[in-house]
There are 2 protein chains.
Amino acid sequence: MTIAPAPDGRAQLAQAVEHCCATEGSSPITREDADLVARLLKAVADPVRLQILGIVRCSPGMEVCACDLPAPLGIAQPTVSHHLKILVGAGLLTRERRGQWAWFTLEPDRLSLARRALEV
Amino acid sequence: MTIAPAPDGRAQLAQAVEHCCATEGSSPITREDADLVARLLKAVADPVRLQILGIVRCSPGMEVCACDLPAPLGIAQPTVSHHLKILVGAGLLTRERRGQWAWFTLEPDRLSLARRALEV
């Protein structure tokens, strides 16, 4: 199965990582799809980024201002920006400028893709 | 919340990654717990290891012989062994020797921990 990278390939990838044990002994996920999911999981597989996702998930409208992150995380703004850039690059957050600050919104469908690949 | 590394800390970690948005603006997962989940996700965040987990999940009893993996993955036994070692190290698979070959069994609870950290 050939799929395009996100965001256009989301529907196809979602289908690819659904449970499918039809062919015992072969992987239910192709190497190409596994590459895409692995990139998504790598973006999440960092303690600071897991904490950022947790904060965004628990914020009203699942969105936060970049200015509200350094304090609870106990790290400097440039480091926060570095991690936010990786999460945006993976399509897990979207970025919108509002006045002086950038706001970040969770893309729950994208996080669900990574989660579904880990279903047992 | 202080937790021990797996396997003894499983119950506590499972609790830590449950949804908990009680304190808006702070992360629902502590840095210590995030470290542990990140290590688990890093072990999974590789295309070959995702494929291995898929094969094991779809095998009878959720267990496979190491000898049955090179063919469907299209990679050599030493490379398969390298990836299996990482998955065993993360507690996602357990290893048991049976005669000439090693068999690997999925630890679904451990995979669930990683998955729960990605819940929206």
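Below, chain A is the first sequence line, B the second, and so on; all start at residue 1.
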- prompt: Who are the side chain to side chain donor-acceptor pair (under 3.5 Å) partners of E63(B), not counting sequence neighbours?
  reply: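 With sequence neighbours excluded, E63(B) shows a side chain to side chain donor-acceptor pair (under 3.5 Å) to R98(B), given in chain and number order.
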field: Per-residue contact mode, D35(A) against chain B (heavy atom under 4.5 angstrom)
entry: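 For D35(A), the contact with chain B is made by backbone and side chain together.
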- request: Look at the side chain of Q51(A) and the backbone N and O of A34(B), then say whether any donor-acceptor pair between them is shorter than 3.5 Å.
  value: no
message: Donor-acceptor pair, distance only, cut-off 3.5 Å: does the side chain of R57(A) make one with the backbone of P28(B)?
response: no
task: Take L41(A) and D46(B), measure what side-chain contact (heavy atoms from CB on, under 4.5 Å) needs, and give me the verdict at the end.
output: CA-CA 8 Å; L41(A) 289 171; D46(B) 175 276; over 6 Å; no
task: Could you please spell out the steps behind the side-chain contact (heavy atoms from CB on, under 4.5 Å) verdict for R31(B) and L73(A)?
output: CA-CA 8 Å; R31(B) 177 57 189 260; L73(A) 294 170; over 6 Å; no
message: Are L111(A) and I86(A) connected into the same hydrophobic cluster when the rule is that any two of I, L, V, M, F, W, Y join if their side-chain heavy atoms are below 4.5 Å apart?
response: no
message: Are L69(A) and W103(A) linked, directly or through intermediate hydrophobic residues, by side-chain heavy-atom contacts shorter than 4.5 Å (ILVMFWY only)?
response: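 Different clusters: W103(A) never reaches L69(A) through Ile, Leu, Val, Met, Phe, Trp or Tyr contacts under 4.5 Å.
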- prompt: Atom CG of L92(A) and atom CG of L118(B): how far apart are they, to the nearest 0.5 Å?
  reply: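 With rounding to 0.5 Å, CG (L92(A)) is 9.0 Å from CG (L118(B)).
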